[in-house]
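A short worksheet on the structure shown next.
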Amino acid sequence: MTDTTRQTLLRDLPKAFEAGPQWLRSLRGRAADALRGAGLPTHKTEAWRFTPVRPIVEADLLRRGTDTPKLRSSLPEGVIVRSMKAVLESEPELLEGKLDLAGPPEHFAALNTVLFDDGLWVDVPAGMVVQTPIEVEHTIGAEGVGYPRVLVTAGRGAEVTLIETYTGAGVGHLTNSVVEVDLAANATVRHVRIHENARLQVGRVDVRQAADSEYRSTVITLGGELLRFDVRCLLQGPGAQCQLDGVYLVDGDDHVDHHTRVEHQAPHCRSDQTYRGIASGKGTAVFDGIVVVHRDAQKTEAHQENRNLLLSDTATIHTKPHLEIDADDVICSHGATVGALDDDQLFYLRTRGVPKDFAHSMLTFAFLEAIVDRISDEPTRARMREALLTRIPHGDQIGDVT
Amino acid sequence: MLKIEDLHVEVDGKPILKGINLEINAGEVHAIMGPNGSGKSTLAYVLAGREGYEVTRGSIIYKGLDLLEMAPEIRAAEGIFLGFQYPVAIPGVSNIYFLKAALNAIRKHRGQDPLDAIDFMKLSKEKAAIVELPDELTKRAVNDGFSGGEKKRNEIYQMALLEPALAVLDETDSGLDIDALQVVAKGVNALRGPERAMLVITHYQRLLDYIVPDVVHVLIDGRIVRTGDKNLAKQLEKDGYSEVRNAISP
């Protein structure tokens with residue numbers, strides 16, 4: 001960020017917030033203060049070291065574009081989906097304590113808190129099990145910066161699947177999204193999120209989990225000029241579990257960054273992270289994941305795996321899975337690989353008559369499909385598989401091979 | 001069908017094959033026997049077109065064409081099949097569907113129409129039966145979680161499906177108990193025919209009791225040092241390779 005744009009932005013940030021309830025005004029004020037204090041990240045900010053953040057911070061961040069997420073699926077009976085704006089006007093007390101649920105936000109998430117205008121609140125009442133996925137679409141418009149916001153609250157024992165799609169041509173456009181998921185005890189939330197045709201995107205998902213809740217996420221990133229995605233899970237109740245899966249593909253001059261942070265704050269929790277990526281062309285992909293096991297989180301089980309295929313000499317992969325453990329009775333593992341396609345497998349397929357480029361595609365797709373196969377809802381799995389195939393050479397012909 | 005002349009091959013700069021001459025006609029089954037490290041698998045890989053095997057001298061002419069100029073998949077399309085000693089597992093790629101893609105690529109090369117799913121499944125069932133390969137295994141990921149015997153049966157099932165003109169079987173007997181060996185051999189014998197040639201590579205004579213060769217070659221230190229009929233294999237079994245080695249040493 002150049003000093004001028006930084007100063008312009010900070011100068012123009014609202015200092016006082018007139019609208020909304022007192023708690024919201026202080027929430028926004030706190031976020032604005034955080035921004036004035038720490039600003040937006042630069043390449044010197046540790047967590048943004050590999051992200052060429054300049055085109056994002058140089059965008060006209062105060063020029064608003066379209067950003068209201070749209071509900072695309074029919075609404076299952078009993079689930080309540082409401083406009084945040086409407087709730088904040090009529091019954092603001094309903095949202096008190098539910099926004100910025102992971103604590104004071106930083107950087108772009110803070111900017112979203114300061115500036116978001118509307119959003120969707122998906123509320124699944126206690127005990128309700130929703131079979132049909134709820135789909136939220138974020139259409140990226142042509143101009144301005146979007147600040148979409150989604151809140152999912154799953155009551156005690158509730159079960160729901162959320163699909164989020166980020167699509168659109170989005171020339172010149174930037175989205176800076178914040179999604180928050182709050183799971184009460186025994187709740188289950190499955191979250192499938194796909195980024196397609198991203199130009200500039202910053203996204204954050206914050207998850208707060210009470211006892212014995214389960215959060216399963218699959219993030220699929222199909223390229224992007226510059227995409228930075230952060231997911232954070234706070235395992236706050238004993239027996240909570242999260243599974244964070246991800247698939248990313250970069251080609252051309254794409255740059256995509258996936259960051260995960262899992263905080264084991266309570267005992268007997270389990271977390272699993274499996275991210276797989278493929279880099280070709282001059283693309284760059286980053287995976288940076290951390291598991292933090294707090295002192296009292298005994299009997300934690302945490303696993304973290306990142307596997308990558310580097311398919312060209314000019315592509316780059318940075319991978320950094322790491323652990324910070326303050327408890328002593330834990331089972332933790334982490335690992336990362338960066339490699340090429342297996343020569344033995346390629347040769348085997350070719351000796352059977354499969355052309356070389358076809359064999360490449362089959363193996364590449366099989367590598368990523370293993371993650372998509374873990375999506376439990378069949379129609380969603382099939383759809384994500386199709387989306388992935390559109391980015392694999394000969395994808396239209398190898399779909400039934402794997 | 002196949003004519004190998006003065007073939008010299010190096011791997012990582014190290015000479016492995018040092019002047020192989022071999023001619024195989026349609027309808028013939030040739031066996032290549034030899035101790036470990038004699039270059040048997042290298043010969044198989046060179047015929048199938050594996051990268052990293054440098055031909056420094058000599059030629060391989062297959063059906064009148066320069067084999068060494070062809071990519072592995074073109075060789076397959078022209079009718080060459082390699083049965084691997086250690087078939088690789090390919091998690092995530094299903095056996096039957098990759099074979100359908102393979103067979104249809106081969107058919108395209110030959111100017112034939114592709115088989116549709118129904119015809120292919122019918123053909124697959126028929127061929128799997130030859131080696132008693134359960135239907136369920138034909139649908140699983142390639143060799144993933146297969147036992148040693150299942151992998152070898154899978155190789156012969158694939159061979160039956162692709163109907164090659166020249167089948168190169170590299171140590172098809174290794175790791176098989178006698179029952180599995182008989183099933184595999186039965187599968188191979190079912191494919192013998194006047195239009196088809198086979199090159200059976202083995203360390204032991206045992207396999208040749210079941211797949212009886214027309215010609216037996218002994219490969220030692222990158223050269224064929226003896227050629228004879230099936231009785232040569234029996235003699236080797238009795239005397240061992242050191243006898244041959246001593247006999248050829250000056």
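Computed from a predicted model, the values in this text were never measured in an experiment. Each chain gets a letter, A, B and so on, in the order the sequences are listed, and its residues count up from 1.
- Comment: A/Arg261 does not engage A/Asp288 in a salt bridge, judged by the lack of any side-chain N to carboxylate O separation of less than 4.0 angstrom.
- Cation-pi contact between A/Arg276 and A/Phe367: present, with separation from the ring centre below 6.0 Å and deviation from the ring axis of at most 45°.
- One finds no salt bridge joining B/Glu155 and B/Lys151 here, because no Lys/Arg side-chain nitrogen approaches an Asp/Glu carboxylate oxygen to under 4.0 Å.
- Using a 4.5 Å cut-off between heavy atoms, B/Pro87 touches chain A through backbone and side chain atoms alike.
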_For A/His258 and A/Tyr248: C-alpha separation, side-chain torsions, deciding distance, then whether side chain to side chain donor-acceptor pair (under 3.5 Å) applies._
CA-CA 9 Å; A/His258 290 81; A/Tyr248 47 85; over 6 Å; no
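- In terms of the ring-ring contact (aromatic ring centres under 6.0 Å, His included) criterion, B/His8 has no residue partners (sequence neighbours excluded).
- Considering all non-hydrogen atoms of both residues, B/Gly34 and B/His203 come closest at O-ND1, 3.6 Å.
- With a 4.5 Å cut-off on non-hydrogen atoms, B/Asn104 does not touch chain A at all.
- If you run salt bridge (Lys or Arg N to Asp or Glu O under 4.0 Å) between A/Arg190 and each of A/Glu164, A/Glu159, A/Glu214, only A/Glu159 comes through.
- At a heavy-atom cut-off of under 4.5 Å, chain A is reached by no residue from residues 116-135 of chain B.
- Within residues 51-64 of chain B, the residues approaching chain A closer than 4.5 Å by heavy atoms are, in numerical order, B/Glu51.
- Residues A/His318 and A/Phe50 bring their aromatic ring centres within 6.0 Å.
- Checked against a 6.0 Å centroid threshold, the rings of A/His259 and A/Phe229 do not count as neighbours.
- Per-residue heavy-atom pair counts under 4.5 Å with chain B were compared for A/Asp373, A/Val354, A/Asp342, and the maximum is reached by A/Val354.
- With respect to chain A, the highest number of heavy-atom pairs below 4.5 Å among B/Leu161, B/Leu162, B/Val88, B/Ile96 belongs to B/Val88.
- A/Ser271 and A/His303 share no donor-acceptor pair across their side chains, judged by distance under 3.5 Å alone.
- By the 4.0 Å N-to-carboxylate-O rule, A/Asp230 lies too far from A/Arg232 to be salt-bridged with it.
- Across A/Glu137, A/His195, A/Arg193, A/Gln201, a single residue satisfies side-chain hydrogen bond (donor to acceptor under 3.5 Å, both in side chains) together with A/Tyr166, and that is A/Arg193.
- For residues 65-86 of chain B, a heavy-atom distance under 4.5 Å to chain A picks out B/Ala71, B/Pro72, B/Glu73, B/Ala76, B/Ile80, B/Phe81, B/Leu82, B/Phe84, given by residue number.
- Here the two rings, on B/His217 and B/His30, have centers that are under 6.0 Å apart.
- With respect to B/Lys152 and B/Glu171, no salt bridge is recorded, no charged nitrogen being found less than 4.0 Å from a carboxylate O.
- Residues A/Lys320 and A/Val286 are not in side-chain contact: their nearest non-hydrogen atoms beyond the backbone lie 4.5 Å or more apart.
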